[in-house]
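Worksheet: the structure to be examined is printed underneath.
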Amino acid sequence: SPPVLGLLVPAALLGCRRQPPTADDTAAPGDAADLSVEAERSEVIPTVVALTVTSEAGLDAWDAVSVEVALDGGPVRTLACAPADANTCTARAWGLKPSRTYTFTAVGESGGAGERGGAATVETGAVPSALVDLTVEGADAMAAAGGYYVTAFVSSPSTPVILDADGDIVWWYTDDPDTESIISRVIVSADGESVVYLNFPTRAEDQYAEHDLVRVSIDGTESTRTSLAMPHHDFCELPDGTLAVIAYDRIEVDGEPVDGDKVFEVAPDGTVTTAWSLWDELDYDPELASELEGTGWSHANAIDCLPDGSGYDISLSNLHSIYRIDRSTGLAREIVGGAGSAWTDADDGDEVLFDRIHQFEFTDEGVLVFDNGTTEELDSHASYWLLNDDGTATLAWDHHQEPPLFVGSLGDASFLPDGSRLLTWSTAGILEAVDEGGATLWSVQTDIGAALGYVTRLESLD
C-alpha cells in the first residue's frame, strides 16, 4: 500500500447507557466479542491511521467505547471514540513512529469495568529518503522531557515535520518538491484537525510577491491555500482560529521603495484583512533603524498571538524592538527595547536591549529572546531579561555556544516545563535543551546543510 502520513487526534469521549443482554444475543454487551475494530492507514502520510469500532449490540449498550494503541507490545495510549452512527464510532491515531507495528484494540466500558474486544494491526510507513537525517544526543533526557516538536526542515525540499520525544519524525508532508521555498513556521491548529505552514521563497527577488499560507488535513488528503501579498517569516493562531501573518508593507520615499511591516488577519472563512501597519505607528526615519542590506527598514521576524486574543507580540529586528499590538486599536500597547521602550537596561540606561532578535517568549517576569547578534561579532545567543516594575530591564541569563556560533536567520528560544530552555540554532540545524547553567541536556542535529524552522513544543497530540 502507498505510504501514509500521521498524527493522532482523539475524538470526544462517548458516554452511553448499557442495555441488558438477551438470550438471543451471540455478541452480548459486556462481551468482548461485541466489539471489533478496523484500522486504515492514510494513503498520503504513512503514520496516520483511521480507526472504526463496531458494536453489534449498538453503542448504547456501553457506557463508553475507546481504542487502545500499543507499539510492539509497549506502552498503551487510549483514544476516545466519537460516535458515527448507532453501531460505530471513529478515532484517529497520529504521531505514530514510522516503520513500526501498532496494535489497535477496541475497549468497551460498562459499570466501571472494561472489556477488551477485537484488535487490528498496522505497520506504519517509512520516512521518505529525501527527508533530513537526524542525530540525537542525550536520548534518555529528551524522552524524559516528553512532548512533540513541530517545525520544518529548511532544505530541498523544505518540509513541515513533527518530532516525538525520541527525536523520531512522526509526521511530515511533502509539498511541491520542485518549489524553491522556505517553511519557517509550522503549527498544529487549535482544533487538532490540520497543520498550517507558511511557504515563502528562498530568492530575495521573489519575496515581494504573493505567497501561500497552506493548511493540510492531519491525514494529508486535503489541503487549501490562501494567497497573500508579501508574507514572510511567521504567523500565529488566535483563539477563534484566525491566523495573524506578518507581511512586508511597502511605501515610496523620495521615489524609492521602503519596506515596513504589517499584519494580515486570515479569518476561518478565508477573509483577509489588514489589522496593523507599522506606518500607523512611525514615520520613516533612516537613522532610526539599523538596516541590513536586503532586509527592509523594520524587518519583522516573529509574531506570537496573545492567549486572550486581544493582540499579538511582534519582533522588529532592525528596530531592536518587540511591539505588543492591541487589536482593538491597531496600535502598539507596549514596546520592549529600542526607541520608545518602556524599559531601559538597568546597567547603562540604554533602550537597546537586543541586537537582532527572531523568536522570543514572554513570562510573568520578563522575556526570553533568541538574539542573532551582529554580523561583526558573529556570536548568536539566547538571553532572558527581567522587566522590572521600575522601568529597568535586568539581564538575568545569557547563553552563548562555545566556540561562538552565528545563526544568520531564524532562531528560537522558549522555556520547557521543568525550567530548562529549548533553543533552536536554526541555520546550524541544532535543536537543544539547556539547563540554567548552560549545560546541554539533549540535542537533535540535522544533516550538514539543512536548517530548522521555528519550533513549537506540544505536550501531546491527543
- Item | Any side-chain heavy-atom pair of Val69 and Thr78 under 4.5 Å | no
- Give a yes or no answer on whether the side chain of Thr424 reaches the backbone of Ser426 with a donor-acceptor pair at less than 3.5 Å. no
- Item | Donor-acceptor contact below 3.5 Å, side chain Ser194 vs main chain Ser217 | no
- Message: Can you pull out every salt bridge (charged side-chain N to carboxylate O under 4.0 Å, His left out) where at least one residue sits in residues 139-168? Sequence neighbours excluded, please.
- Response: Lys97-Asp164, Lys97-Asp166, Lys97-Asp168
- If we only count heavy atoms from C-beta on, is the Ile246 to Phe264 side-chain gap below 4.5 Å? no
- Is the shortest heavy-atom distance from the side chain of Asp249 to the side chain of Met230 under 4.5 Å? no
- Query: Does a donor on one side chain sit under 3.5 Å from an acceptor on the other, for His381 and Asp398?
  - Reply: yes
- Query: Once you round to the nearest 0.5 Å, how far does CH2 of Trp343 lie from CG of Asp389?
  - Reply: 9.0 Å
- Query: For Glu237, does the CD atom sit with more than 12 other heavy atoms under 6.0 Å from it, leaving out its own atoms?
  - Reply: yes
- Message: If we ignore hydrogens and angles and just use 3.5 Å, is the side chain of Asp435 paired with the main-chain N or O of Gly438 as donor and acceptor?
- Response: yes
- Determine, stepwise, if the pair Thr52 / Glu38 fulfils side chain to side chain donor-acceptor pair (under 3.5 Å). CA-CA 5 Å; Thr52 302; Glu38 294 182 0; 5.2 Å; no
- Starting from the C-alpha separation in whole Å, work towards a yes-or-no answer on side-chain contact (heavy atoms from CB on, under 4.5 Å) for Trp385 and Thr394. CA-CA 5 Å; Trp385 289 86; Thr394 305; 5.8 Å; no
- Item | Backbone of Leu410 reached by a side-chain donor or acceptor of His358 within 3.5 Å | yes
- For the side chain of Thr124 and the backbone of Ser99, is there at least one donor-acceptor N/O pair under 3.5 Å apart? yes
- List the steps and the verdict of side-chain contact (heavy atoms from CB on, under 4.5 Å) for Ile325 and Leu331. CA-CA 6 Å; Ile325 308 303; Leu331 297 171; over 6 Å; no
- Between Ser380 and Val407, is there a donor-acceptor pair closer than 3.5 Å when you use the side chain of the first and the backbone of the second? yes
- To the nearest 0.5 Å, how far apart are CD1 in Ile314 and CG in Leu316? 6.5 Å
- Message: Walk me through whether Val150 and Trp171 qualify under side-chain contact (heavy atoms from CB on, under 4.5 Å).
- Response: CA-CA 9 Å; Val150 185; Trp171 192 96; over 6 Å; no
- Message: For the backbone of Val170 and the side chain of Thr47, can you confirm whether one donor and one acceptor N or O come within less than 3.5 Å of each other?
- Response: yes
- Query: By ring-ring contact (aromatic ring centres under 6.0 Å, His included), which residues pair with Trp442, not counting sequence neighbours?
  - Reply: Tyr149
- Message: Restricting to side chain to side chain contact (heavy atoms under 4.5 Å, CB included), what partner residues turn up for Asp308, sequence neighbours left out?
- Response: Leu306, Ser310
- Message: Checking side-chain contact (heavy atoms from CB on, under 4.5 Å) between Val67 and each of Val53, Val107, Thr90, which is the one that passes?
- Response: Val53
- Query: Stepwise, does the side-chain contact (heavy atoms from CB on, under 4.5 Å) test hold for Glu115 with Leu35?
  - Reply: CA-CA 9 Å; Glu115 282 286 341; Leu35 296 174; 5.7 Å; no
- When rounded to the nearest 0.5 angstrom, what is the spacing between CG in Leu452 and OG1 in Thr427? 9.5 Å
- Query: CG/Asp219 to CZ/Arg41 distance, rounded to the nearest 0.5 angstrom?
  - Reply: 13.0 Å
- Sequence neighbours left out, what passes side chain to side chain contact (heavy atoms under 4.5 Å, CB included) with Val266? Give chain and number order. Leu213, Thr226, Leu228, Leu243, Val245, Val272
- Query: Where the side chain of Thr151 meets the backbone of Gly453, is there a donor-acceptor pair that is under 3.5 Å apart?
  - Reply: yes
- Test side chain to side chain contact (heavy atoms under 4.5 Å, CB included) applied to Ala152 - qualifying residues, sequence neighbours left out: Ile183, Val186
- Message: Quick one: does any side-chain atom of Trp397 pair with a main-chain N or O of Glu436 as donor and acceptor, under 3.5 Å?
- Response: yes
- Query: Of all residues at least two apart in sequence or in a different chain, which pass the ring-ring contact (aromatic ring centres under 6.0 Å, His included) check with Trp425?
  - Reply: Phe370
- Do Cys236 and Asp304 touch side chain to side chain, with heavy atoms closer than 4.5 Å? no
- Message: Show every side chain to side chain donor-acceptor pair (under 3.5 Å) that has at least one partner inside residues 410-422, sequence neighbours left out.
- Response: Asp418-Ser420
- How long is the span from the CG atom in Leu59 to the CG atom in Asp85, to the nearest 0.5 Å? 7.5 Å
- Query: Should the ring pair Phe360 and Phe362 be called parallel, tilted or perpendicular, given that the plane angle runs from 0 to 90° and is split at 30 and 60?
  - Reply: perpendicular
- Message: For the CZ atom of Arg215 and the CD atom of Glu222, what is their distance to the nearest 0.5 Å?
- Response: 12.0 Å
- What residues form a ring-ring contact (aromatic ring centres under 6.0 Å, His included) with Tyr384, not counting sequence neighbours? Phe415
- Can Arg77 and Glu68 be counted as an ion pair, charged N to O under 4.0 angstrom? no
- Query: Can we say Glu193 and Arg92 salt-bridge, meaning some charged N sits less than 4.0 Å from an Asp/Glu carboxylate O?
  - Reply: yes
- Query: Under the 3.5 angstrom rule, does the side chain of Ser298 hit a backbone N or O of Ala300 as a donor-acceptor pair?
  - Reply: no
- Task: For Tyr148, enumerate each residue passing the ring-ring contact (aromatic ring centres under 6.0 Å, His included) test, keeping only those at least two apart in sequence or located in another chain.
- Result: none
- Task: Decide yes or no on salt bridge (charged side-chain N to carboxylate O under 4.0 Å, His left out) for Arg356 and Asp371, but give the supporting numbers first.
- Result: CA-CA 5 Å; Arg356 299 189 180 279; Asp371 194 327; over 6 Å; no
- Message: Do Tyr102 and Val49 make a side-chain contact, defined as non-hydrogen atoms from C-beta onward lying under 4.5 Å apart?
- Response: no
- Message: Using the rule side-chain contact (heavy atoms from CB on, under 4.5 Å), only one of Asp355, Ile357, Val369 pairs with Ser383; which is it?
- Response: Val369
- Message: Less than 4.5 Å apart, side chain to side chain, heavy atoms only: is that true for Ile162 and Ile169?
- Response: no
- Query: Taking only residues at least two apart or on different chains, which pairs with a member in residues 317-335 satisfy salt bridge (charged side-chain N to carboxylate O under 4.0 Å, His left out)?
  - Reply: Glu265-Arg327, Asp313-Arg324, Asp326-Arg333
- Query: Under the side chain to side chain contact (heavy atoms under 4.5 Å, CB included) test, which residues partner Thr121, sequence neighbours left out?
  - Reply: Thr101, Thr103
- Task: Just grab all the side chain to side chain donor-acceptor pair (under 3.5 Å) pairs involving residues 443-456, residues at least two apart or on different chains.
- Result: Arg185-Thr456
- Derivation and outcome, ring pair (Phe, Tyr, Trp, His ring centres under 6.0 Å), residues His233 and His299: CA-CA 10 Å; His233 278 84; His299 197 65; 5.1 Å; yes
